[in-house]
A.B. asks: 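What follows is a single structure, and I will ask about it in a moment.
A, B, ... follow the sequence lines: proteins, then strands. Residue 1 opens every chain.
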Amino acid sequence: MKIGIVSYGAYIPRYRIKVEEIAKVWNGDPSALKGGLKVFEKSVPALDEDVVTIAVEASRNAIERGNLDAKRIGAIYTGSESHPYAVKPTSTIVAEAVGATSDMTAADFEFACKAGTAAVQVCMGLVGSKMIDLGLAIGADVSQGAPNDALEYTAAAGGAAMIIGRNEDEIIAEIECTSSYTTDTPDFWRREGQPYPRHGGRFTGDPGYFKHVTNGANSLLKKLGKTAKDYDYAVFHQPNGKFPERVAKSLGFTQEQIEPGLAVTNLGNTYSGASLIGLSATLDIAEPGDRIFVTSYGSGSGSDAFSIKVTENIKKCAKDVPTVEKLLSNPIYLDYGKYAHHKGKIKF
Amino acid sequence: MRDVAIIGAYTTVFGELWEKSLRDTAVEAGVGAIEDANVAGEEIDAMYVGNMSGGKFVGQEHIGALVADYAAGLAREFHIPSTRVEAACASGGLALRQAIMAVSSGFHDVVIAAGAEKMTDIDGTGVTDALAAAADREWEGIMGATFPGLYAMIARYHMHKYGTTSEQLASVAVKNHDNGVHNPIAQFRNKITIDQVLRSSKVADPLRLLDCSPVTDGAAAVVVVPADIAKKYTDTPIYVKASSQASDTISLDDRRDIATLDASVFAGKWAFEMAKLTPKDIDFVEVHDCFTIAEICAIEDLGFFKKGDGGRASYDGDTRIGGKIAVNPSGGLKACGHPVGATGIKQACEAVYQLRGEAGKRQVPNAKYAMTHNVGGSGATCAVHIFSNER
Amino acid sequence: MPVPRFWREQKGRYNLIGTYCKKCGKHFYPARSICPFCRRSGEIEDFQFKGKGEIVTYSVIHASSEDFDHLTPYILAIVKLDEGPCITTQIVDEPTDIKIGDRVKAVFRRLGSDGKAGIIYYGTKFVIDN
């Protein structure tokens, strides 16, 4: 039995702030920051947007792209580290808003930046065991960076939804295999009740991101007996533009392979949405037969790696659903004052 | 049905009455009207009190009983029936209509119609919220519809459809301030210019602060009796020639035409039919100018000007005292202020003062027929009355 | 707003579900249980609107109640849905040259919340449909 993505959809708020604008407030050096991060601007939610609205828009795009009946969805899992409620599921609101039936299961996931891919894996299990027909896995975030923290330059807003199924006539991208790598590595966290996350600075690099992405990716490649050369595209979690480039290179992937899925430069880090938005951007341009390698990373820490093969069915996708490129176009730029208002940094 | 007359009228000063409570102003108006009518407390049969939102403005409901209690012992000594009437900003007009119907039907002989609102005990955003409750709370209010916002959407549509301009809107406020200068109860007794209106802060584009009636405390009352016994109390009874009321959809979005208040159209039409009069017979009209666009719509919808011509007419001075028809000689809601539940009664008071020839420098010369027009919400309720000093 | 008052209208607010009268073919949003045209002889059924329409009129709100203060200035509008009914809504994402007649489409947004600790209200607003 094959399991795979039967449709996908992304959503990115229209608002952006440029790195220069943030740097201006904190006397940062914009060219050094841009060079160091390889991020030029980041998305910011509208005043009335949050993880729920982003998850709903992404899910509606996925349902529309696949021309699917929402009543077939048997499970909805929304991965995020910025759910609007501490207690009260995002996923039930998504279910109601996409017109799903009540005869399904739902829950919210949190695993820093990889909660979205964790949701994909759980849906694969439920679909593969025939407990459900279709599963809706969402990664979405409106992440917070404390004022003048390095994260403030990248913490962005956006999300993507993957609908997982097993009907060969519907699968647009078969998930050939997935594997994960998980350890207890506290490189980034946010305590209950705290508005901003804390992180281990440079500790987030080698012991965190690089170790987990590399081990997760290698374990999957080994399992499948494949190398980087067997793939047309690769997507890695993108907290900034530098990390995915470095890890890709070390794993033997080329810049060309990761370029289509590298949305971070003009988007920032959408946390739980990041790998799935990268995958969406890649699916937007992929052709039948293309192989896509995806590895997410979530602090705390873990990585989920996927080997995906695009099928002929991708040609059947609805064409008028916005691509990631389209979602990134036509931004509305904010100054820092308005950005602070949008992010709730100004208290009423 | 019996003919009905007003034999007494009283309006408190309108404004920010920091030292006066809701009951203080209501009692002042009630007692003032009784004294003006020269009736004794024992003679009063019933009372109707227009009040929009005692609950939200001062945390008080049961306004009918409250006012009867504090007004000359009407509750404790005489136990008269006292009824609160609520229809948003048309509460006063409807209270008057209830009083007229009670007398006309023969149920009661001497009835007080009062209106009172105390709006300054809560802050501006609270007032905005209370007033927004007159719209459809579930489907307009939840989307952030404010009252200025709803009228601004009427204004935008009127401008789009008829070419009405911001200057024309502003001319309504300028004229009403000019009239208000001569009204001792008016909240604003200063002249303003079109330029000042156009430079005032934006409230709900295209409406600016000086396009809007203010937040006001105040009360008014009249005494209504059968016309046949009116001369027993006064030499100058003012006769009720018509009392009408019409409804429309609660939501602005559901209307036949966004720029037309059908409730005004029908209440106006029915009032003219009842009085056997036409717009040409009316010497002056007190219309519900909660916003400048509201006056423009009113003078069109009541038939004084062709639909779409209200802006031009206002700008050209046709609505000034001495113009084609004097509109809001009192200064209207704009200059007098708009204590929502009191406004409908205050309009009737102005009709009484004018038709008695007591309006001083704002007197409409030789006025014989007066119309009052009181709107609730964005036009879901409208009460229209026609009065005359001749039976 | 008390929780049940919002909750009972959720379906209509999230997915533009109103009603239509099978007898006269007129659509209603918000839902009406009695057709105002056919009255008791009407036949009312649920109807999901497609979420496309055009701007009939609008205002930019600068002074609001406390619940909407953080959004000012925001655009309040009446939108005529393609199926017929007009609805009051907000036009979001700051269109620069909005005008009457502009085409719009539905989006899912926060409508408000019951203070900082209370429930969050979600529903439908509109953006310019380019």
A.B. asks: Are more than 12 heavy atoms from other residues, nucleotides or ligands located less than 6.0 Å from atom NZ of C:Lys11?
C.D. replies: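 No, the 6.0 Å shell around NZ holds no more than 12 heavy atoms from other groups.
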
A.B. asks: Only pairs of heavy atoms separated by less than 4.5 Å count here; which of C:Val60, C:Ile61, C:Leu111, C:Val79 has the most with chain B?
C.D. replies: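 The option with the most such pairs is C:Val60.
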
A.B. asks: If you tally heavy-atom pairs under 4.5 Å against chain B, which of C:Lys99, C:Arg5, C:His62, C:Glu66 wins?
C.D. replies: C:His62

A.B. asks: State, yes or no, whether a side-chain contact exists between B:Ile142 and C:Met1 at a heavy-atom distance under 4.5 Å.
C.D. replies: yes

A.B. asks: What's the separation between atom CZ in C:Phe68 and atom CE in B:Met143, rounded to the nearest 0.5 Å?
C.D. replies: 7.5 Å

A.B. asks: Going from OH on B:Tyr157 to CD1 on C:Ile100, what distance comes out if it is rounded to the nearest 0.5 angstrom?
C.D. replies: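 So the gap between those two atoms works out to 8.0 Å.
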
A.B. asks: Tell me which of these, B:Val127, B:Asp253, B:Thr146, has more heavy-atom pairs under 4.5 Å with chain C than the rest.
C.D. replies: B:Asp253

A.B. asks: May I ask you to test the B:Asp254-C:Arg32 pair for a side-chain heavy-atom distance under 4.5 Å?
C.D. replies: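 They are in contact (side-chain heavy atoms under 4.5 Å apart), so the answer is yes.
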
A.B. asks: Sort C:Phe6 into side chain, backbone, both or neither according to what part of it lies under 4.5 angstrom from a heavy atom of chain B.
C.D. replies: side chain

A.B. asks: Less than 4.5 Å to any heavy atom of chain B: does that hold for the side chain of C:Thr124, its backbone, both, or neither?
C.D. replies: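 Contact with chain B involves the backbone of C:Thr124 alone.
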
A.B. asks: Using every non-hydrogen atom in the two residues, find where B:Gly144 and C:Tyr74 come nearest and quote the distance to one decimal.
C.D. replies: O-OH, 2.6 Å

A.B. asks: Which pair of non-hydrogen atoms, one from C:Glu9 and one from B:Glu138, has the smallest distance, and what is that distance?
C.D. replies: CG-OE1, 4.1 Å

A.B. asks: Check whether C:Arg8 gets within reach of chain B through its side chain, its backbone, both or neither, counting any heavy atom under 4.5 Å.
C.D. replies: neither

A.B. asks: Which bit of B:Leu131 comes within less than 4.5 Å of chain C, counting heavy atoms only: side chain, backbone, both or neither?
C.D. replies: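 For B:Leu131, there is no contact with chain C at all, as no heavy atom is under 4.5 Å.
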
A.B. asks: Nearest 0.5 angstrom please: C:Thr57 OG1 to B:Ile258 CD1, how far?
C.D. replies: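 Answer rounded to 0.5 Å: 7.0 Å.
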
A.B. asks: CG/C:Asp69 to OG1/B:Thr125 distance, rounded to the nearest 0.5 angstrom?
C.D. replies: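 So the gap between those two atoms works out to 6.5 Å.
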
A.B. asks: Looking only at side chains, do C:Ser59 and B:Asp205 share a donor and an acceptor under 3.5 Å apart?
C.D. replies: no

A.B. asks: Measuring from C:Tyr58:OH to B:Arg156:CZ, what's the distance to the nearest 0.5 Å?
C.D. replies: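 Answer rounded to 0.5 Å: 3.5 Å.
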
A.B. asks: Supply the atom-to-atom distance C:Asp67 CG to B:Thr128 OG1, rounded to the nearest 0.5 angstrom.
C.D. replies: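 If I round to the nearest 0.5 Å, the distance is 11.0 Å.
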
A.B. asks: Does B:Leu198, at its CG atom, have more than 12 non-hydrogen atoms belonging to other residues, nucleotides or ligands within less than 6.0 Å?
C.D. replies: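 Result for CG/B:Leu198: enclosed.
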
A.B. asks: Kindly indicate, with the supporting measurements, whether the criterion side-chain contact (heavy atoms from CB on, under 4.5 Å) is fulfilled by B:Leu252 and C:Thr88.
C.D. replies: CA-CA 8 Å; B:Leu252 176 64; C:Thr88 302; 5.7 Å; no

A.B. asks: Heavy-atom distances under 4.5 Å only: say whether B:Ala145 touches chain C with side chain, backbone, both or neither.
C.D. replies: both

A.B. asks: Show me the donor-acceptor pairs within less than 3.5 Å that the side chains of residues 333-343 of chain B make with the rest of the protein, sequence neighbours left out.
C.D. replies:
from, atom 1, to, atom 2, distance (Å)
B:Lys334, NZ, B:His177, NE2, 3.0
B:His338, ND1, B:Thr343, OG1, 2.6

